[in-house]
Number of protein chains: 2
Amino acid sequence: MPETTETTILAAAKKVFIKKGYAGARMQAIADEAGINKAMLHYYYRSKEKLFRVVFEQAMMGLIPKLDEALSGNGSVVEKLEKVVRAYVAHIQENEHLPLFVLHEIAQNRIEFIASMKSKAARFPNFPQFFMQIIQEQEAGKIRAILPVHLLLNILGMVVFPFIAKPVFCNVIEIPEADFDSLMKDRADVIVDFMKNALTP
Amino acid sequence: MPETTETTILAAAKKVFIKKGYAGARMQAIADEAGINKAMLHYYYRSKEKLFRVVFEQAMMGLIPKLDEALSGNGSVVEKLEKVVRAYVAHIQENEHLPLFVLHEIAQNRIEFIASMKSKAARFPNFPQFFMQIIQEQEAGKIRAILPVHLLLNILGMVVFPFIAKPVFCNVIEIPEADFDSLMKDRADVIVDFMKNALTP
DNA sequence: CTTTGCACTAACCATTTGGTTAAACCTTTT
DNA sequence: AAAAGGTTTAACCAAATGGTTAGTGCAAAG
């Protein structure tokens, strides 16, 4: 990808918005981060809101199709969930502020345009189908009984939480950041193991 | 507790700060919520920062001692974790914006004063002790092997995540809010069950 | 009745912040 | 070389926002 002014701005906007949130982000901070004049932001993206929308949309597009990739296909429930775990742990590790950003902004309602995103999304996970598969495997006695939504909440919770809680563990519980990061390297394996045992009938 | 202007302000500030975050909160919005003049906020609390500090401190004080209550005492690891799950699920259910607020603000670094809070806290959980207990039970073959920190992350993740992800599930996956809330009533039971199975040797 | 002191308000202030504009600057085309 | 057109900048603007102030109201103390 060419390093145009437009892409430089977007990269800077991602950095600032994702770290500080919409309300906490300053257009000047984005301009500084990009090393260009603030007027350029409006020249290319019109307004803070529009620029934010691009950042948010791309952030979501990096998350949602990953879910679909993992959940569609022929694997068993456990195999699919293992894919979800590994894909998300790896992806979030590259941008630890991402989940808190997405969660916080969606909680702020700032997002009427979620609907428009779903239509744009090339791949959107088919939850009803996956939930059906879970029920079938449960009836077949392959995995323990648990409502599919709860199972999904459990898995995603174990995946996402450590990243958004890292500052708590490091500052409140006072685990050195280096120690915490090295724990995170095994994270996917630990979750997969925990999940497999929990689902053993 | 008497309903003085001071307490009215604090209640309003809690509502606004916890919902919108520090950066998104407006002093005028707090004044409106409290039904009083904006100058009163400064009369009683000096500045936005100071007012925020009180709100944040009380929010944390509602969370940290609960952990200590659950983790200290004589129960087994599973019994203690079950207490944690039930206490937190119940507490968060009363203020669903609370976890995202705390997590977001701590992530923003707005909190050098965490240290001062720990000394103020009447009860602060003794993690090393609890982690030791986990290792002992593992060596005794009572529960499966898993690094204590990972176990804590798993449990807290399953507890906290559903609340902060509720808007995602309702708006993106399009589960009706009423359905989601009724799912949440079983949440504690589901987590406890999931955990017990996962920890079975 | 007057004074004192706290609670409270309307109006105001200074700064920050998102956004605009007019002019300068290239780069390409003619 | 000049014109044209997109790109970039410094300076500027208006609204929003945290914070202040001068003064009003009112109850208790003298």
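Letters A, B, ... mirror the listed sequences (proteins, then strands); counts begin at 1.
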**Q** Does B:Tyr43 place a side-chain N or O at less than 4.0 Å from the phosphate oxygens OP1/OP2 of C:dC8?
**A** no
**Q** Is the distance between the ring centroids of A:Phe17 and A:Phe52 under 6.0 Å?
**A** yes
**Q** I'd like to know if A:Lys48 reaches the base of C:dG19 with its side chain such that a donor and an acceptor end up less than 3.5 angstrom apart.
**A** no
**Q** Do other residues, nucleotides or ligands put more than 12 heavy atoms under 6.0 Å from the CZ atom of A:Arg46?
**A** no
**Q** For the side chain of B:Gln108 and the backbone of B:Glu105, is there at least one donor-acceptor N/O pair under 3.5 Å apart?
**A** no
**Q** Looking at B:Thr5, does any N or O in its side chain come under 4.0 Å of the phosphate oxygens OP1/OP2 on C:dC8?
**A** yes
**Q** Starting from P on C:dC12, measure out to CG on B:Asn37 and report it in whole angstrom.
**A** 14 Å
**Q** Please give, in whole Å, the distance from D:dA16 C1' to A:Glu49 CD?
**A** 16 Å
**Q** Determine whether more than 12 heavy atoms belonging to other residues, nucleotides or ligands lie under 6.0 Å from atom NZ of B:Lys80.
**A** yes
**Q** Could you tell me how far apart B:Tyr44 (OH) and C:dA7 (P) are, to the nearest whole angstrom?
**A** 5 Å
**Q** Give the rounded distance in Å between these two atoms: CE of B:Met40 and P of C:dT9.
**A** 6 Å
**Q** Between A:His42 and C:dG19, is there a side-chain N or O to OP1/OP2 distance below 4.0 Å?
**A** yes
**Q** Considering just the side-chain nitrogens and oxygens of A:Arg26, establish if one lies under 4.0 Å of OP1 or OP2 belonging to C:dG18.
**A** yes
**Q** Whole-Å distance between D:dT20 P and B:Leu41 CG?
**A** 12 Å
**Q** Measure the distance from OH on A:Tyr45 to P on D:dT7 and round it to the nearest whole Å.
**A** 13 Å
**Q** Rounded to the nearest Å, what distance is computed from the NZ atom of residue A:Lys38 to the C1' atom of nucleotide C:dT21?
**A** 12 Å
